[in-house]
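I have placed the structure first, in the form of structure tokens, so that the comments after it can refer back to it.
Computation of the quantities below employed the complete heavy-atom set of this structure, encompassing side-chain atoms and omitting hydrogens, waters and symmetry-equivalent molecules. None of these values were measured; they are calculated from a predicted model.
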Amino acid sequence: MTEKEKMLSEKLFISDKELFLERQYAKELIFDLNNLRPNKLKEKNKILSKLLSKIGSNIFIEPPFRCDYGYNIEIGDNFYSNYNLTILDSSKVIIGNNVLIGPNVGIYTAGHPIDVTDRVNNLEYGKSIIIKDNVWIGGSVVICPGVIIGKNSIIGAGSVVTKNIAKNVVAVGNPCKVIKNI
């Protein structure tokens with residue numbers, strides 16, 4: 001099994017030359033995306049179509065945007081992200097329809113082992129993140145590996161989401177907890 005196959009299977013992997021080159025390719029596209037003039041919307045969507053595995057209609061990402069690979073990211077229709085969205089996508093990130101993301105949000109599928117020997121030997125892993133339809137994520141939120149955020153929910157600004165969040169709730173805090181049903 002290649003390191004890429006391990007990564008895509010959510011197993012421990014080491015970033016090898018193939019993965020390095022794929023991240024470099026993504027960085028080139030991201031550089032172009034982040035340096036376009038604001039009125040170049042068609043060019044922006046063309047780059048996003050090359051970078052991401054799926055983009056819906058009516059999506060807008062304020063620059064700067066960062067990701068590792070891009071090909072693990074799927075975005076549905078009617079998506080808006082404010083400035084400084086970072087997605088570490090060593091595993092799938094699936095974002096539904098009608099999702100709003102505030103500034104300075106981090107979506108991190110990437111993690112490192114607890115075992116010190118594995119960690120110092122540069123092993124890492126990814127766990128998929130799913131953000132369902134109609135979710136609003138406030139500014140400066142961090143979403144950790146393996147999390148699912150349920151349909152229609154709101155994540156308050158500054159939250160650190162370490163566990164799944166149910167549908168139809170408002171959740172806030174560090175760690176993020178449900179404070180109200182919608």
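When every heavy atom of Asn72 is checked against every heavy atom of Ser53, the shortest pair comes out as C-OG, 4.5 Å. Contact detail for Leu19 and Ser15: the closest heavy-atom pair is CB-OG, 3.9 Å.
Counting heavy-atom neighbours within 6.0 Å of Glu43 CD, excluding the residue itself, gives a total above 12. Around the OH atom of Tyr83, the shell of radius 6.0 Å holds no more than 12 heavy atoms that belong to other residues, nucleotides or ligands. For Lys151, the NZ atom sits in a loose shell: 12 or fewer heavy atoms of surrounding residues, nucleotides or ligands are nearer than 6.0 Å. When the shell of 6.0 Å around CG of Leu21 is examined, it contains more than 12 heavy atoms from other residues, nucleotides or ligands.
Proximity of Ile87 to Arg66: side-chain heavy atoms (C-beta onward) are nowhere separated by under 4.5 Å. A heavy-atom distance below 4.5 Å is not found between the side chains of Glu3 and Glu18. Looking at heavy atoms from C-beta onward, Leu12 lies out of side-chain contact with Glu124 at the 4.5 angstrom threshold. Between Val161 and Val141, some side-chain heavy-atom pair lies under the 4.5 Å cut-off. Proximity of Val142 to Ser159: side-chain heavy atoms (C-beta onward) are nowhere separated by under 4.5 Å. At least one side-chain heavy atom of Glu10 sits less than 4.5 Å from a side-chain heavy atom of Ser128. For the pair Ile107 and Leu85, the minimum side-chain heavy-atom distance is below 4.5 Å. Between Lys132 and Ile148, some side-chain heavy-atom pair lies under the 4.5 Å cut-off.
Among residue pairs with one or both ends in residues 85-128, none qualify as ring pair (Phe, Tyr, Trp, His ring centres under 6.0 Å); sequence neighbours excluded.
Hydrophobic clustering (ILVMFWY, side-chain heavy atoms < 4.5 Å, transitive): Ile179 and Ile155 are in distinct clusters. Neither Ile95 nor Leu88 shares a network with the other; the hydrophobic side chains, linked directly or stepwise wherever heavy atoms of I, L, V, M, F, W or Y lie under 4.5 Å apart, form separate groups for each. Hydrophobic cluster membership is shared by Val93 and Ile137, with clusters built from Ile, Leu, Val, Met, Phe, Trp and Tyr side chains linked at under 4.5 angstrom. Under the 4.5 Å side-chain contact rule for hydrophobic residues, Val135 and Ile101 share a cluster.
In this structure a side-chain-to-backbone donor-acceptor pair under 3.5 Å is missing from Thr162 to Pro175.
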Practice task
Could you give me the CA-CA distance, side-chain angles and deciding distance for Asn78 and Asn97, then say whether side chain to side chain donor-acceptor pair (under 3.5 Å) is met?
Solution key: CA-CA 6 Å; Asn78 304 315; Asn97 298 319; over 6 Å; no

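Each of Asn82, Asn84, Thr86 was scored for a side-chain hydrogen bond (donor to acceptor under 3.5 Å, both in side chains) with Asn104, with one residue passing: Asn84. Screening Lys4, Glu22, Arg23 against Tyr69 for a side-chain hydrogen bond (donor to acceptor under 3.5 Å, both in side chains) leaves a single residue, Arg23.
Atoms OH and CD1, from Tyr25 and Ile30 in turn, are 11.0 Å apart once rounded to the nearest 0.5 Å.
In this structure, Phe31 shares a hydrophobic cluster with no other residue, the cluster being traced through Ile, Leu, Val, Met, Phe, Trp and Tyr side chains under 4.5 angstrom apart.
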